[in-house]
Peer 1: 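One structure, pasted below without further comment.
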Amino acid sequence: MKYRKIALAVSLLGFASAAFADNHTISRNMASACASCHGTNGHSVGGMDPLAGMPKDEMIRKVKDFRSGAKPATVMQQLSKGYTDQQIEMIANYYAAQK
Amino acid sequence: MTLNRRDFIKAAGATVAFGSLYGCAGGTKGSGNVVVIGGGYGGATVAKYLRMWSDGGINVTLVDPTPNFVSCPISNLVLAGEKTMADITTSYDGLRKHGVTVVIDSAKAVDPAKRTVTLAKGGTLSYDRLVVSPGIDFMWDSVPGLTEAVSESKILHAWKAGPQTVALRKQLEDMKDGGVYALCIPKGPYRCPPGPYERASMIANYFKAKKPKSKVLILDANADVVSKGPLFKKAWTDLYSGMLEYRGNHSITKLDAASQTVEFEFGDKVKADVLNIVPAQKAGMIATAAGLSNVGGRWCGVDWKTLESTAHKNIHVLGDSTAATAGMPKSGHMTTQHAKVAAAAIVNLMSGQPAPDPMVIANTCYSFVSAKEVIHVAHPYVFNGKEFAVPKGAGGVSPSRNELEAKYALAWAKNIWADALL
């Protein structure tokens, strides 16, 4: 019985870490498209907003406001229309975690 | 049911196997050898991201004949005297710091069966996966009377940034005030759809300041301006009236290089003091030599999920050489996005995992219409299971030319160069 519990725990941990890796990779890939303008992993080298370390809620709000037109922009109101709410959240998660 | 010790080991073992199949929390590493042909926007980006995303697990060798990266975007500002060659040149040292082996040489041949690349100076490189990102090459016979030798010495294209950019700048500086600069644009698809119109605008900007009696003549094989048309035309009327003239439907039928005269299917022949002919284009030569140009003998078909060639397995093609889907321009920015889709796929595939569905990608292209004002075009591209398409209502252009975007254009350049090369 003791072994069974440990096995279950290890197994769940394995699934959890696999799922984490998968989600992390998807978020990483999704966020990388932004890096062409905003710098690798969001570290802008100047003239564009850095995304690294931006609080998640702030980024979600900004991008959704670009998408709705509430916040004026030059290109972001046109590009943000390519993203779903879930994708915006993934990108925000990724950049919030970048130091 | 109770588990004994042996059952536990079995269960835990299965978990470990599952874990390694899908990558542990540390991420997907990948291993093996990737060779990248071409050190432009696509090649540099894929090389850097493969090293970064494999955590150094994948060995990457990048092959390019030029010792530094020279950017086509912003090169029209060099022609106009607003920027220097140094401003658009970046060393490959940043890639070397990521552990990329940079080989300054040309790839001469690819053997897809043996998985080898033969180099011009001799020697071969072996790969598990190959990335071909050679940009474009010219179809010399698309302009009767033009040869590669003439195009390299007198009737320049300057459609690959480098020595041709310097040489065309010199021709413009040497031209007398009152001279005619003519730019001949090929039928699309060609590299950088708004590029020719930006070039004409910026050379007019130079003439207006330094050689005000001179003229810019755009001789376009396309029926009309193919990108940001209304914005370019408004700038030409407002800023360069009487100095810049646009003529559509001008396909060249004959060039007399000695007299610098071009004849067209329709319209009068034109003699220019500086004649800048951009010939029709096809996938980079090595792509054709490797048998990858399987779309009309001109462009390379790819599986858009991975950018893997539809002609040969284990070879990925990026950027201008691809037979891009409708609305996807041949641009430096677009190519960096291809590079990231390919890098994500290659790291997974070289870790024994399936390629992920591609992320949403984007293109942003700024064009200078004067030294101070810029217009843009920007679109997101979403993978639909087969190819990339722009969602309805997304993307667009600047409402009008403006100074703010001139700042963004230069910031874009610095950031995309850093993302690709540093």
Side-chain angles (χ1 to χ4, degrees), chain A residues 1-51 67 72-84 87-88 90-91 94, chain B residues 1-5 7-8 11-12 14-16 18-19 21-28 48-49 52-53 333 336-337 340-341 343-344 348 356-362 364 376 378-382 390-391 393-396 398 402 404-405 407-408 410-412 414-416 418-420 422:
Chain A
M1 191 61 197
K2 188 176 73 177
Y3 282 123
R4 187 182 168 200
K5 275 186 181 163
I6 297 170
L8 187 67
V10 170
S11 188
L12 285 174
L13 191 70
F15 276 103
S17 71
F20 171 80
D22 212 30
N23 273 334
H24 176 79
T25 303
I26 294 168
S27 305
R28 177 201 73 186
N29 296 348
M30 191 63 76
S32 73
C34 315
S36 298
C37 294
H38 292 277
T40 306
N41 290 326
H43 297 288
S44 166
V45 295
M48 296 284 184
D49 284 350
L51 305 180
R67 201 176 56 178
T74 52
V75 301
M76 278 309 296
Q77 82 284 17
Q78 295 162 348
L79 296 180
S80 55
K81 290 192 176 73
Y83 293 86
T84 63
Q87 289 166 334
I88 292 168
M90 284 166 77
I91 292 169
Y94 181 83
Chain B
M1 178 198 151
T2 56
L3 265 73
N4 59 25
R5 191 169 169 276
D7 290 333
F8 166 71
T15 302
V16 170
F18 180 85
L21 187 66
Y22 280 85
C24 287
T28 314
K48 171 176 159 176
Y49 273 78
M52 225 168 59
W53 284 350
H333 193 126
T336 65
Q337 305 272 304
K340 289 170 185 180
V341 174
N348 268 26
D357 273 338
M359 55 284 202
V360 178
I361 57 173
T364 304
H376 84 257
H379 288 98
Y381 298 84
V382 177
V390 177
S398 307
N402 63 84
L404 175 63
E405 289 194 273
K407 291 192 179 74
Y408 281 145
L410 296 175
W412 167 86
K414 280 205 179 324
N415 277 286
I416 201 166
D419 188 38
L422 300 183

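Each chain gets a letter, A, B and so on, in the order its sequence line appears, and its residues count up from 1.
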Peer 1: Quick check for you: to the nearest 0.5 Å, what is the distance between B:I361 atom CD1 and A:N29 atom CG?
Peer 2: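 That separation rounds to 12.0 Å.
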Peer 1: Given a strict heavy-atom distance threshold of 4.5 Å, which part of B:P391 is in contact with chain A: side chain, backbone, both, or neither?
Peer 2: side chain
Peer 1: Does A:P50 have any side chain to side chain contact (heavy atoms under 4.5 Å, CB included) partners at least two apart in sequence or in another chain, and if so, which?
Peer 2: A:S44
Peer 1: For each of A:A35, A:G47, A:A31, tally heavy-atom pairs with chain B at distances under 4.5 Å, and name the one with the top tally.
Peer 2: A:A35
Peer 1: First locate atom CZ of A:R28, then atom CE of B:M359, and finally report the distance between them rounded to the nearest 0.5 Å.
Peer 2: 8.5 Å
Peer 1: Counting only non-hydrogen atoms closer than 4.5 Å, does A:Q87 touch chain B with its backbone (N, CA, C, O), its side chain (CB onward), both, or neither?
Peer 2: side chain
Peer 1: So which of A:C34, A:A33, A:G39 has the biggest tally of heavy-atom pairs under 4.5 Å with chain B?
Peer 2: A:A33
Peer 1: Check whether B:K340 gets within reach of chain A through its side chain, its backbone, both or neither, counting any heavy atom under 4.5 Å.
Peer 2: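 Looking at B:K340, just its side chain touches chain A.
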Peer 1: Do B:P356 and A:T25 make a side-chain contact, defined as non-hydrogen atoms from C-beta onward lying under 4.5 Å apart?
Peer 2: no
Peer 1: Taking ring-ring contact (aromatic ring centres under 6.0 Å, His included) as the test, write out the residues that go with A:Y83, two or more places apart.
Peer 2: none
Peer 1: Using a cut-off of under 4.5 Å on heavy-atom pairs, state which of B:H376, B:E405, B:K48, B:H333 scores highest against chain A.
Peer 2: B:H376
Peer 1: Please rank B:V341, B:I416, B:V360 by heavy-atom pairs under 4.5 Å with chain A and give me the top one.
Peer 2: B:V360
Peer 1: Please classify the contact of B:Y381 with chain A as side chain, backbone, both or neither, using a heavy-atom distance under 4.5 Å.
Peer 2: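 Neither part; nothing is under 4.5 Å.
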Peer 1: Please answer whether the main-chain N or O of A:S36 pairs with a side-chain N or O of B:N415 as donor and acceptor at a distance below 3.5 Å.
Peer 2: no
Peer 1: Go through A:K81, A:R67, A:Q78 and name the one with the most non-hydrogen pairs under 4.5 angstrom from chain B.
Peer 2: A:Q78
Peer 1: Atom OG1 in A:T74, atom CG in B:L404: separation rounded to 0.5 Å?
Peer 2: 6.0 Å
Peer 1: What pair of heavy atoms forms the shortest contact from B:A411 to A:G46, and how long is it?
Peer 2: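 Closest heavy-atom pair between B:A411 and A:G46: CB-O, 3.8 Å.
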